[in-house]
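As structure tokens, the structure follows; a few thoughts come after it.
These values consider heavy atoms only, across backbone and side chains, with no hydrogens, waters or symmetry-generated copies.
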Amino acid sequence: MTGAAGAATGTVQVSLTPVFVRLKLSLLRNGLKGSSKRKFAYLSTLVLALGVGVLQMIGLAVLHGNAHAGTVVVLLAAILALLWSVMPLFFPSGDETLDPTRLVMLPLRPRPLVRALLASSLVGIGPLFTLCLAVGSVVAVAQGPAGAVAAVLGVPLLLLGCVVLARVVATANVRLLTSRKGRDLALLSGLLIAIGAQVANFASQRLSQAGGLSTLEPAEAVVRWLPPATAVGMVDSVSRGSYAVAAAQLVLTVGAIALLLWFWERGLTKLMVTPDGSTIAAAEPKKGRGEGTSGVWSLLPDGRTGAVMQRTLRYIVRDPKMKSAWVSSLAVGLIIPVANALQGQGSVYLACFGAGMLGVQMYNQFGQDTSAFWMVAQTISTPRDAYAELRARAFTLALITVPYTVLVTVVTAAMVGDWAALPEVLGLALALLGAMLCSGALASARFPYSIPTDGAFKNVAPGQAGLAWMGIFGGMLASALLCAPLIALTIWLHVSGPQSALWLLLPLGAAWGTLATWAGLRLSAPTVSRRLPEILTAVSKG
């Protein structure tokens, strides 16, 4: 950075681009040091993403020569660009080089900084996965020598268009998303994702009923003129012999990327020279004494359990990231069964999806406290203290999730019209919830990770994203195994057992979930007490 700053002042001629690329690589490398589990998680995530990307690339290449190949890849390019524009705002990026607010004190000129940030943005798992899809897309539609030449241009143009679009959106919203009130807008992400997923599901069902991919051709005819999908449309047009159309699409693609780069440079300039007043607010009147023990808070238990429950509930209400996670889970857990019921394909068993969505909130309990966990750590010296802390957090989740699970199950049964299945489904949902509380406590003790506080669109510290996903998916697998006996009993009762005994699944599921939660808390408490320094270090990295 010293050489880069000197370059901006004219004393030393050093290019910013290699500096930022080396910085990105150093951050990725240093994020893997000190923990073999973190290294394994990151490398396994890289291998998985690369494997899926290569399989997607092969699958798209197989479409070569298909009459509907152009329709598929053009729409895929548009969806890919849409995901790139949304994902950096609401999902972890783990890339410190892409936060321009960290560079405001350095004398860096905007145009070299744009080039450097763009180059560093192309290093990572996301760009590699996008590159695989881009290559598969152009191979699917490229025909003849002219098509091959167009494909060579189309791949980098699509990749650059996606990356630049993401950076423009992130830069334009970085001040808003890093302010306390502005980060509350992240609540919309859960609703948008939930509604978008159901729209995609509904569209796919309508597509299968309407007669195939030919029904998408009108939409594709419009999308092929929307950058950066125009990069793939250009390759398809050249392969069809429409050179004038391909030239127009090429000009449109290059012009859109140039315009996005100009907006990015302008946004960086404004960000680097404008004071941040987004966090300044009028002084609020002081609240009266005893507020924490009055009103609804007085209904909580006394002692440590009530204090921990109140603290956790306040986090859910006040912390933008926790609030966003809860709103997303609550929305998706209700929308999935209701939307399927409205389409006439609903099942009461989909109510278990809501329990699973809320059970995920038990994972990484200590990381949710961020750097403030050191104050909690001061109160944990024995396994008994750790058990009391985890038990109170589990009580808080149960206070919300159990009534919600009952509500979703009843609503789903009413919409589907299958009241007879209500007891068994509710029992399975409660058992699943208890199993996820169990596995969540174990994952919190063994796989803690840091949640950065300096960016609303970063939920995992650099180098820990793979560890987070491994802990979550491992916990989900463990939860499924814990529920396997109850699921097997349900199947047996439906197939060969007495149908009149299905109602017993309700008390059995509730007891099973309670027992699983108790066992998970008991097994996790000694681990938390023993690994407290490691947990404190892991959750404080952000």
Side-chain angles (χ1 to χ4, degrees), residues 45-46 48-57 59-60 71-95 98 118 121-138 140 154-174 177 185-204 207 216 219-220 222-233 253 256-257 260 263-264 324-325 328 331-332 335 455-460 465-466 468-469:
T45 303
L46 175 61
L48 179 63
L50 183 59
V52 173
V54 170
L55 290 177
Q56 292 288 336
M57 180 175 63
L60 291 172
T71 301
V72 173
V73 297
V74 169
L75 293 176
L76 177 63
I79 295 174
L80 194 62
L82 178 63
L83 292 177
W84 266 95
S85 65
V86 174
M87 297 288 252
L89 297 178
F90 305 120
F91 289 90
S93 63
D95 187 354
L98 301 185
L118 178 59
S121 301
L122 296 174
V123 179
I125 298 178
L128 181 61
F129 183 79
T130 304
L131 180 63
C132 293
L133 294 184
V135 171
S137 297
V138 299
V155 170
L157 287 176
L158 177 59
L159 180 59
L160 285 175
C162 291
V163 174
V164 174
L165 178 61
R167 292 305 99 215
V168 171
V169 174
T171 301
N173 292 277
V174 64
L177 293 173
L185 292 177
L187 290 171
L188 296 176
S189 65
L191 298 176
L192 292 176
I193 293 171
I195 295 173
Q198 287 310 302
V199 169
N201 181 33
F202 182 77
S204 63
L207 180 63
L216 293 178
E220 182 267 342
V222 176
V223 170
R224 67 168 48 236
W225 291 99
L226 300 177
T230 47
V232 180
T253 305
I257 294 176
L260 287 173
F263 273 114
W264 188 11
S324 175
S328 301
V332 174
I335 288 176
F457 50 89
K458 293 186 295 184
N459 295 326
V460 183
W469 287 114

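- Closest approach of V164 to I257, counting heavy atoms only: CG1-O, 4.5 Å.
- Taken to the nearest 0.5 Å, the CG atom of L60 stands 6.0 Å off from the CG atom of L76.
- In terms of the side-chain hydrogen bond (donor to acceptor under 3.5 Å, both in side chains) criterion, residue partners of E220 (sequence neighbours excluded) are, by chain and number, R224.
- Take L122 and apply the side chain to side chain contact (heavy atoms under 4.5 Å, CB included) test, not counting sequence neighbours, and it matches L159, L160, V163.
- Considering only residues two or more places apart in sequence or on other chains, L82 meets the side chain to side chain contact (heavy atoms under 4.5 Å, CB included) condition with S85, V86.
- Shown here for A81 and C162, the closest heavy-atom pair between the two residues is CA-SG, 3.9 Å.
- Across all non-hydrogen atoms, the minimal contact from G154 to A231 is O-CB, 3.8 Å.
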Please tabulate, one pair per line, all N/O donor-acceptor pairs under 3.5 Å involving side-chain atoms of residues 123-137, not counting sequence neighbours.
residue, atom, partner, partner atom, Å
T130, OG1, W84, NE1, 2.8
T130, OG1, G126, O, 2.9
S137, OG, L133, O, 2.7

